[in-house]
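Keep in mind the model is a prediction, meaning the values are calculated, not measured.
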Amino acid sequence: MTASIDQAWKLAKERFAALNIDVEDALKKLDTLPVSMHCWQGDDVAGFENQGGALTGGIQATGNYPSKARNAAELRADLEQALALIPGPKRLNLHAIYLESDEPVERNKIEPKHFANWVSWARDNKLGLDFNPTCFSHALSADGFTLSHPDEKIRQFWIEHCQASRHISAYFGRELGTASVMNIWVPDGMKDLTIDRLAYRQRLLNSLDQIISEKLDINHHIDAVESKLFGIGAESFTVGSNEFFLGYAASRGTALCLDAGHFHPTEVISDKISSAMLYVEHLLLHVSRPVRWDSDHVVLLDDETQAIANEIIRNNLFDRVHIGLDFFDASINRVAAWVIGTRNMKKALLRALLEPTDQLRQLELAGDYTARLALLEEQKSLPWQAVWDTYCQRSHVPVGADWLKNIRDYEQSTLSKR
């Protein structure tokens, strides 16, 4: 098989060289673009704080595939299996509920020590860590409000939780030498008609200002805020709308998180990237696959995933856009879901790097839209798969679908015994 991969690689290099595309340079750039895998795919967003507790905040993990991770050791083992099957640089995105402690810890009292094992593991696996406060699945979020809650005591609890989370995020950055992106998302909203929307948004604004008031080193920690269109139980009013958080990020200097599932079904985040980058310095992407709503299906190599990658590459946003994944499918092998989704995101980035963008841009400026469309379509058939196979081979991960055998072996040896 190695001989056929090498032969295909040689021919692919020639095809791309004819379009003035250096495939070696593309692979070097791909190795500078980590994708942040999300820990919550491995256990259906349950976490280790209150196992058996209900999942709230309009979040649903559907399916009953057996053998999900039950503790941090199992989750890390599953992650290691997935990481070994994905080429190139990766990161890991943690939620606060994935802490480790011998006794219960309230969320406003979490500390770096509760994540020390994660940092040690990340260092061993050469990973950066990102972080999220968990403002759902808790008694004080049961009525659908957190940072915008009318009750000052409840609101203060969530402020303190997010402040504590920032310290943990900065700890990640200091220890691992790469800035941790900490994303704040809240489920706050109402099921039906809402009279005083302004008051809720004013409270959310004030809470966020208190949270980020302490200045932290951007080399260690980056604040991000995430909008949503609606949630289950909050169909009529979401406090943290797109307009709210775009304005907040632009005026406060935070990063803006765009989640592929958090907009109207006819909207796509690929079209929003270039607009948002005019006003914010950093953008966080939660790449997901909404099927009719924010259903968080496993990422495919589909048109929107490719369009997201194209926007990043075409506009040289390598240092300003942070790529994360956000899906949780409990209907299939959870480790395989990580591998499928992350490999697809990386494939999209590679295809974008192999696009004859300069030529396409020149045709567009010249008004030759006929040639632009023709070349866009023809380049889809260029042998990018041969370049991907070589990248996998160089990264010492399985080529093609061979990785599935590793998953089946792991399922038999480990997952089936849980």
task: Check the side chains of Asp296 and Ser288 for a donor-acceptor pair under 3.5 angstrom, ignoring hydrogens and angles.
output: yes
query: So, do His161 and Cys135 sit near enough that their side-chain heavy atoms are less than 4.5 Å apart?
result: yes
query: Does OH in Tyr279 sit with more than 12 non-hydrogen atoms of other residues, nucleotides or ligands closer than 6.0 Å?
result: no
- prompt: Distance-only, no hydrogens or angles: does the Arg15 side chain make a donor-acceptor pair with backbone N or O of Pro383 under 3.5 Å?
  reply: no
message: Quick check on Asn117: does its CG atom have over 12 non-hydrogen neighbours (other residues, nucleotides or ligands) under 6.0 Å away?
response: yes
query: Do any N or O atoms from the side chain of Ser416 and from the backbone of Gln412 form a donor-acceptor pair under 3.5 angstrom?
result: yes
message: Any side-chain to backbone donor/acceptor pair from Ser169 onto Arg166? Under 3.5 Å, distance only.
response: no
message: Is it the case that the side chain of Asn71 and the backbone of Ala73 share a donor-acceptor pair, with hydrogens and angles ignored and the cut-off at 3.5 Å?
response: yes
message: Does Ile323 form a side-chain contact (heavy atoms from CB on, under 4.5 Å) with Leu349? I'd like the steps, not just the answer.
response: CA-CA 11 Å; Ile323 307 167; Leu349 290 166; 3.9 Å; yes
message: Evaluate Asp368 against Arg372 for salt bridge (charged side-chain N to carboxylate O under 4.0 Å, His left out), listing each step before the verdict.
response: CA-CA 6 Å; Asp368 192 347; Arg372 179 188 63 181; over 6 Å; no
message: Taking CG in Asp303 as the centre, count heavy atoms belonging to other residues, nucleotides or ligands within less than 6.0 Å. Is the count above 12?
response: no
message: I need the single residue from Asn310, Ile308, Asp302 that forms a side-chain contact (heavy atoms from CB on, under 4.5 Å) with Gln306. Which is it?
response: Asn310
- prompt: With no hydrogens and no angle check, is any side-chain donor or acceptor of Asn344 less than 3.5 Å from a backbone partner on Val299?
  reply: yes
statement: Closest non-hydrogen contact found for Leu75 with Cys39 is CD1-O, 3.7 Å
- prompt: Taking the side chain as C-beta and beyond, is there a heavy-atom pair between Pro187 and Thr146 under 4.5 Å?
  reply: yes
- prompt: Does anything in residues 255-264 pair up under salt bridge (charged side-chain N to carboxylate O under 4.0 Å, His left out), and if so which pairs, sequence neighbours excluded?
  reply: none
- prompt: Can you name the one residue among Phe136, Phe131, Trp118 that meets ring-ring contact (aromatic ring centres under 6.0 Å, His included) with His95?
  reply: Phe136
Any side-chain heavy-atom pair of Arg252 and Leu205 under 4.5 Å: yes
message: Does Glu378, at its CD atom, have more than 12 non-hydrogen atoms belonging to other residues, nucleotides or ligands within less than 6.0 Å?
response: no
query: How long is the gap from CH2 on Trp40 to CG on Leu325, to the nearest 0.5 Å?
result: 9.0 Å
field: Parallel, tilted or perpendicular: ring planes of Phe244 versus Tyr248, cut at 30 and 60 degrees
entry: parallel
task: Could you tell me which non-hydrogen atom of Lys346 sits nearest to which non-hydrogen atom of Pro89, and how far apart they are?
output: NZ-O, 2.8 Å
query: Is the shortest heavy-atom distance from the side chain of Ile159 to the side chain of Gln156 under 4.5 Å?
result: yes
- request: Work out which heavy atom in Lys90 is nearest to a heavy atom in Ile86; give both atom names and the distance.
  value: NZ-O, 2.5 Å
message: Please check if the number of heavy atoms outside Asp319 that lie under 6.0 Å from its CG is greater than 12.
response: no
- prompt: Which word best sums up how the rings of His38 and Phe327 line up, parallel for under 30°, tilted for 30 to 60°, or perpendicular for over 60°?
  reply: perpendicular
task: Keeping the roles fixed (side chain from Arg201, backbone from Val239), state whether a donor-acceptor pair exists under 3.5 Å.
output: yes
field: Chi angles and distances behind the side chain to side chain donor-acceptor pair (under 3.5 Å) call for Asn93, Asn132
entry: CA-CA 8 Å; Asn93 196 0; Asn132 310 260; 2.7 Å; yes
- prompt: Between Arg334 and Asp78, does at least one N-O distance fall below 4.0 Å, as a salt bridge requires?
  reply: no
Side-chain donor/acceptor of Ser270 to backbone N/O of Ala307, under 3.5 Å: no
task: Under the side chain to side chain donor-acceptor pair (under 3.5 Å) rule, what do His262 and Glu267 come out as? Steps first, then yes or no, please.
output: CA-CA 9 Å; His262 286 194; Glu267 292 183 283; over 6 Å; no
field: Candidate pair Leu83 and Leu127, rule side-chain contact (heavy atoms from CB on, under 4.5 Å), full reasoning
entry: CA-CA 10 Å; Leu83 291 166; Leu127 299 172; 3.7 Å; yes
- prompt: Where do Pro112 and His167 come nearest, in terms of heavy atoms and distance?
  reply: CG-O, 4.3 Å
- request: Could you give me the CA-CA distance, side-chain angles and deciding distance for Phe157 and His149, then say whether side-chain contact (heavy atoms from CB on, under 4.5 Å) is met?
  value: CA-CA 10 Å; Phe157 173 87; His149 204 290; over 6 Å; no
message: Taking atom CG as the centre, does Asp217 end up with more than 12 heavy-atom neighbours from other residues, nucleotides or ligands that are less than 6.0 angstrom away?
response: yes
query: If you measure from CD on Glu14 to CH2 on Trp9, what distance do you get to the nearest 0.5 Å?
result: 11.5 Å
- prompt: Have Trp338 and Gln81 got a donor and an acceptor in their side chains that come within less than 3.5 Å?
  reply: no
message: Distance alone, cut at 3.5 Å: any donor-acceptor contact between the side chains of Asp43 and Tyr98?
response: yes
- request: Could you walk me through whether His286 and Trp185 pass the ring-ring contact (aromatic ring centres under 6.0 Å, His included) test, one step at a time?
  value: CA-CA 12 Å; His286 276 185; Trp185 173 76; 9.7 Å; no
query: Any donor-acceptor pair under 3.5 Å linking the side chain of Arg91 with the backbone of Pro34?
result: no
- prompt: Looking at Ala249 and Ala255, what are the two nearest heavy atoms and their distance?
  reply: CB-O, 4.0 Å
message: Please check if the number of heavy atoms outside Glu111 that lie under 6.0 Å from its CD is greater than 12.
response: yes
CD-OG1 distance between Gln393 and Thr2, expressed to the nearest 0.5 angstrom: 5.0 Å
message: Please determine whether side-chain contact (heavy atoms from CB on, under 4.5 Å) holds for the pair Phe16 and Val387, giving the CA-CA distance in whole Å, both sets of side-chain angles, and the decisive distance to 0.1 Å.
response: CA-CA 10 Å; Phe16 283 108; Val387 183; 4.0 Å; yes
- prompt: So, Arg394 and Glu24, do they make that salt bridge, N to O below 4.0 Å?
  reply: yes
query: Does the distance from a Lys or Arg side-chain N to an Asp or Glu carboxylate O, for Asp6 and Lys10, drop under 4.0 Å?
result: no
- request: Answer yes or no: is there an ion pair linking Lys405 with Asp409, defined by an N-O contact shorter than 4.0 Å?
  value: yes
field: Sub-4.5 Å side-chain heavy-atom contact between Leu129 and Phe115
entry: no
field: Glu74 side-chain N/O to Ala72 backbone N/O, donor-acceptor pair under 3.5 Å
entry: no
- request: For this output row, return yes or no: ring centroids of His114 and Tyr171 closer than 6.0 angstrom.
  value: no
query: Under a 4.0 Å N-O cut-off, is there an ion pair linking Glu364 with Arg361?
result: no
field: Nearest non-hydrogen partners of Ser295 and Val291, listed with the distance
entry: OG-N, 2.8 Å
- prompt: Atom CD1 in Ile110, atom CD1 in Ile168: separation rounded to 0.5 Å?
  reply: 3.5 Å
field: Short side-chain to backbone donor-acceptor contact, Thr305 and Met345, under 3.5 Å
entry: no
